[in-house]
Amino acid sequence: MSSATKRLIKELGQIHHDGSLDPLVTLSPVSDEDLFTWKALLNGPPDTPYEGGVFELLISIPDSYPIQPPSLKFLTTVCHPNVKFDSGEICLDILKDQWSPAWTIKSTCLAISLLLSNPEPSSPLNCDVANLLRCGDRIGYDSL
């Protein structure tokens with residue numbers, strides 16, 4: 001059994017142990033046969049324009065996990081400066097050069113939830129939405 005498989009089994013066990021204690025994220029492998037492809041459901045963070053929404057993420061986990069980060073993308077369309085509108089690609093440093101094996105699939109999803117609450121317009125994938133924030137047009141941003 002590979003170290004990635006062992007790690008994923010451990011993380012999955014912890015998720016099952018915690019049950020539904022976390023109201024922000026629900027995680028599970030897509031199937032029992034494929035431990036390297038997961039889906040997540042993120043509840044929109046409170047006091048944000050995303051509150052009340054449920055956002056689906058597809059998580060692809062490399063064989064070199066946890067040394068290399070998983071690849072995550074939104075399947076649900078999200079209007080956010082750090083999410084590419086047409087592909088769901090996410091711009092977040094921990095998914096690139098700031099990855100550490102200390103991160104788990106769950107903590108990574110929680111970081112994405114935090115990104116929904118705290119957009120970073122200085123590193124956008126959606127420039128139009130980022131420009132609204134840069135210009136201080138929070139009402140325009142929230143309305144999208």
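In this chain, numbering begins with 1 at the start of the sequence shown.
With contacts defined as side-chain heavy-atom distances shorter than 4.5 Å, the pair Pro124/Asn131 does not qualify. Looking at Asn126 and Val83, their side chains never come closer than 4.5 Å, going by heavy atoms from C-beta outward. Looking at heavy atoms from C-beta onward, Ile67 lies out of side-chain contact with Trp99 at the 4.5 angstrom threshold. You'll find the side chain of Asp63 stays beyond 4.5 Å of the side chain of Ser2, heavy atoms only. The side-chain heavy atoms of Glu120 and Asn118, taken from C-beta on, include no pair separated by under 4.5 Å. Thr104 is not listed as a side-chain neighbour of Gln14, based on a closest heavy-atom distance of 4.5 Å or more. Side chains of Leu133 and Pro119 form a contact here, defined as non-hydrogen atoms less than 4.5 Å apart. Between Ile94 and Pro69 there is no side-chain heavy-atom pair separated by less than 4.5 Å.
Distance check: Arg7 CZ to Met1 CE gives 15.0 Å after rounding to the nearest 0.5 Å. Between Cys127 atom SG and Arg134 atom CZ the span is 6.5 Å, to the nearest 0.5 Å. How far CD1 of Ile15 is from SG of Cys109: 8.0 Å, rounded to the nearest 0.5 Å. The distance from atom CZ of Phe74 to atom CG of Leu42, rounded to the nearest 0.5 Å, is 5.5 Å. Here CG of Asn82 is found 11.0 Å from CD of Glu89. Values are rounded to the nearest 0.5 Å.
Residues Ile112 and Leu125 do not share a hydrophobic cluster, clusters being chains of Ile/Leu/Val/Met/Phe/Trp/Tyr side chains in contact below 4.5 Å. Cluster annotation: Leu35 and Val30 are assigned to distinct hydrophobic clusters (Ile/Leu/Val/Met/Phe/Trp/Tyr, side-chain heavy-atom contacts under 4.5 Å, transitive). Using a 4.5 Å cut-off between side-chain heavy atoms of Ile, Leu, Val, Met, Phe, Trp and Tyr, with links allowed through other members, Phe85 and Val78 fall into different hydrophobic clusters. Linking Ile, Leu, Val, Met, Phe, Trp and Tyr whenever their side-chain heavy atoms come within less than 4.5 Å leaves Leu114 and Leu92 in two separate clusters. Residues Leu110 and Leu41 do not share a hydrophobic cluster, clusters being chains of Ile/Leu/Val/Met/Phe/Trp/Tyr side chains in contact below 4.5 Å.
Scored by the salt bridge (Lys or Arg N to Asp or Glu O under 4.0 Å) test, Arg138 finds Asp142 as partners (sequence neighbours excluded).
Closest approach of Glu11 to Lys106, counting heavy atoms only: OE1-N, 4.4 Å. Of all the heavy atoms in Phe36 and Ala4, the pair that sits closest is CE2-CB, 3.8 Å. Shown here for Pro121 and Pro81, the closest heavy-atom pair between the two residues is CA-CB, 4.5 Å.
No more than 12 heavy atoms of other residues, nucleotides or ligands lie within 6.0 Å of CG in Asp32, so this atom counts as exposed by the packing criterion.
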Atom pairs and distances, donor-acceptor, side-chain atoms in residues 46-61, under 3.5 Å, two or more places apart:
unit_1, atom_1, unit_2, atom_2, d
Thr48, OG1, Pro45, O, 2.6
Thr48, OG1, Tyr50, N, 3.1
Thr48, OG1, Glu51, N, 3.4
Tyr50, OH, Cys79, O, 2.7
Tyr50, OH, Tyr141, OH, 2.9
Glu51, OE1, Asp47, N, 3.2
Glu56, OE2, Lys39, NZ, 3.2

